[in-house]
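For reference, the structure discussed in these notes is given below.
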Amino acid sequence: MKRFGILAYPASHSRSPEMHNAAFHALKIDALFEKYEIPPEKLQEFLEEKVRGEKKINGLAVSIPHKETIIPFLDTVDDSVQAIGACNTVYWKNNQLCGTNTDSYGFSKALSDTYNVTGKNILVVGAGGAARAVVYALLQDNAGSITITNRTKEKGRNFAQDFAVSFQEKGELEPEQYDLIVQTTPLGMQGGYEKISPLPSSFWRENHTAFDIVYTPEKTQFLLDAEGAGGTIISGKNMFLCQGMKQFEIWTGEKAPETIMRESI
Ligand code: ATR
């Protein structure tokens, strides 16, 4: 039996096990998807002894706080990991432990189902690893303009410089300038940040489209505020599904069963 799992700390909130186990079951693949709750100081030991060990682990979904710190322990990473600086998927190829990032693909796929970014003015809230995956995707998809806003201004400015996009302080944002607003911080997430949005409810306009990468709950405060003002909303659930389908295809070489995976989450 092949073994896969989510590597995170904590890992309890993750819906990846339900999603991947449902897909393995549906395609009659002899594999199990587990939860590997590994604290930062045990990451190296886990990779050496478990992942590369005798009963090797065949693939990992990687989440907070390991997405960046895992990179030096892999044998090779692709362009997406290098550009984003974060790895969310680990797999074996030719006996090499490889890293890729399916978050940018998942974001791009989930968004493009209903929205075309070409020529649009986009505001991205946050400047962490998730924001890097989002901006990487938006640049590849020919977004019109991209503006970053972030709690810590210095970090936001550096991020904007890295990607050659703009930075704007939160207090100076002009809502009318943006078509699409993407939320990439943990604000709004179940377990501490519920009912909090990084933007005031007065920000929203009818012509806005709001995308939140947080998917628990499905409608965050950010999305509720946008919807309340008559805007269009896109839940992060689709991004989670799309990045997971891509992971499944990398690990198994099989087409991911979309309906089964969607229903499982
Ligand atoms: P990830 O890799 O998941 O994106 P990260 O690199 O820690 O995580 O980045 C988290 C982002 O959420 C950052 O933009 C962070 O803002 P700061 O740069 O000011 O830290 C933002 N963030 C996290 N907690 C926040 C909070 N309570 N209020 C506002 N922004 C927050």
Side-chain angles (χ1 to χ4, degrees), residues 6-16 37-40 43 60-72 77 80-90 99-108 110-111 122-139 146-163 165-173 181-201 203 210-217 220-223 225 236-237 239-240 243-244 247:
I6 168 82
L7 168 64
Y9 190 78
S12 52
H13 70 282
S14 173
R15 303 278 173 85
S16 293
E37 193 162 78
I38 309 295
L43 175 65
L60 293 170
V62 185
S63 191
I64 294 169
H66 302 304
K67 282 186 181 187
E68 285 111 26
T69 48
I70 197 169
I71 295 172
V77 296
S80 68
V81 172
Q82 272 171 13
I84 298 163
C87 164
N88 82 324
T89 308
V90 170
T100 185
N101 191 312
T102 67
D103 283 334
S104 55
Y105 166 85
F107 170 74
S108 171
L111 180 62
I122 300 162
L123 176 66
V124 176
V125 184
R132 298 181 81 87
V134 163
V135 170
Y136 178 73
L138 288 172
L139 288 171
I146 301 171
T147 303
I148 306 297
T149 193
N150 192 50
R151 176 181 60 179
T152 309
K153 291 171 208 159
E154 192 58 19
K155 190 168 158 190
R157 283 208 182 86
N158 289 339
F159 180 108
Q161 212 166 24
D162 281 356
F163 283 95
V165 298
S166 312
F167 173 81
Q168 189 65 260
E169 291 184 22
K170 206 164 94 176
E172 292 172 8
L173 291 172
I181 300 93
V182 186
Q183 199 304 107
T184 72
T185 79
L187 298 187
M189 199 184 285
Q190 254 166 26
Y193 290 121
E194 264 161 323
K195 303 207 164 53
I196 307 175
S197 167
L199 296 178
S201 58
F203 177 88
F211 188 118
D212 200 332
I213 71 159
V214 172
Y215 66 94
T216 51
T220 57
Q221 191 61 47
F222 174 88
L223 294 182
D225 289 348
K237 204 170 152 186
M239 172 174 169
F240 177 67
Q243 65 78 31
Q247 291 180 320

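Read the numbers this way: they start at 1 and go in the same order the structure lists the ligands and their atoms. The chain is numbered in sequence order, starting from 1.
Side-chain contact check for Val135 versus Ile148: some heavy-atom pair is nearer than 4.5 Å. Side-chain atoms of Leu138 and Leu111, non-hydrogen and from C-beta on, do get closer than 4.5 Å to each other. When side chains are defined from C-beta on, Lys170 does not count as touching Val125, because their heavy atoms never get closer than 4.5 Å.
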Please list, one pair per line, the donor and acceptor atoms closer than 3.5 Å that link side chains of residues 152-159 to other protein atoms, with sequence neighbours excluded.
{"from": "Arg157", "atom 1": "NH2", "to": "Glu169", "atom 2": "OE2", "distance (Å)": "3.3"}
{"from": "Asn158", "atom 1": "ND2", "to": "Glu154", "atom 2": "O", "distance (Å)": "3.4"}

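Between Tyr136 and Phe107, the ring center distance fails the sub-6.0 Å criterion.
At distances below 3.5 Å, not a single donor-acceptor pair connects side-chain atoms of Gln221 with backbone N or O atoms of Ser197.
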Show the distances, to 0.1 Å, for all pairs joining an N/O atom of ligand 1 and a protein N/O atom that are shorter than 3.5 Å, listing one pair per line.
{"from": "ligand 1", "atom 1": "2 (O)", "to": "Gly129", "atom 2": "N", "distance (Å)": "3.1"}
{"from": "ligand 1", "atom 1": "4 (O)", "to": "Gly129", "atom 2": "N", "distance (Å)": "3.1"}
{"from": "ligand 1", "atom 1": "4 (O)", "to": "Ala130", "atom 2": "N", "distance (Å)": "2.9"}
{"from": "ligand 1", "atom 1": "6 (O)", "to": "Gly129", "atom 2": "N", "distance (Å)": "3.4"}
{"from": "ligand 1", "atom 1": "14 (O)", "to": "Ala127", "atom 2": "N", "distance (Å)": "2.8"}
{"from": "ligand 1", "atom 1": "14 (O)", "to": "Asn150", "atom 2": "OD1", "distance (Å)": "2.6"}
{"from": "ligand 1", "atom 1": "16 (O)", "to": "Asn150", "atom 2": "OD1", "distance (Å)": "3.3"}
{"from": "ligand 1", "atom 1": "18 (O)", "to": "Asn150", "atom 2": "ND2", "distance (Å)": "2.8"}
{"from": "ligand 1", "atom 1": "18 (O)", "to": "Lys155", "atom 2": "NZ", "distance (Å)": "3.4"}
{"from": "ligand 1", "atom 1": "19 (O)", "to": "Arg151", "atom 2": "NE", "distance (Å)": "2.9"}
{"from": "ligand 1", "atom 1": "19 (O)", "to": "Thr152", "atom 2": "N", "distance (Å)": "3.0"}
{"from": "ligand 1", "atom 1": "19 (O)", "to": "Thr152", "atom 2": "OG1", "distance (Å)": "2.5"}
{"from": "ligand 1", "atom 1": "20 (O)", "to": "Arg151", "atom 2": "NH2", "distance (Å)": "2.9"}
{"from": "ligand 1", "atom 1": "27 (N)", "to": "Arg151", "atom 2": "NH1", "distance (Å)": "3.3"}

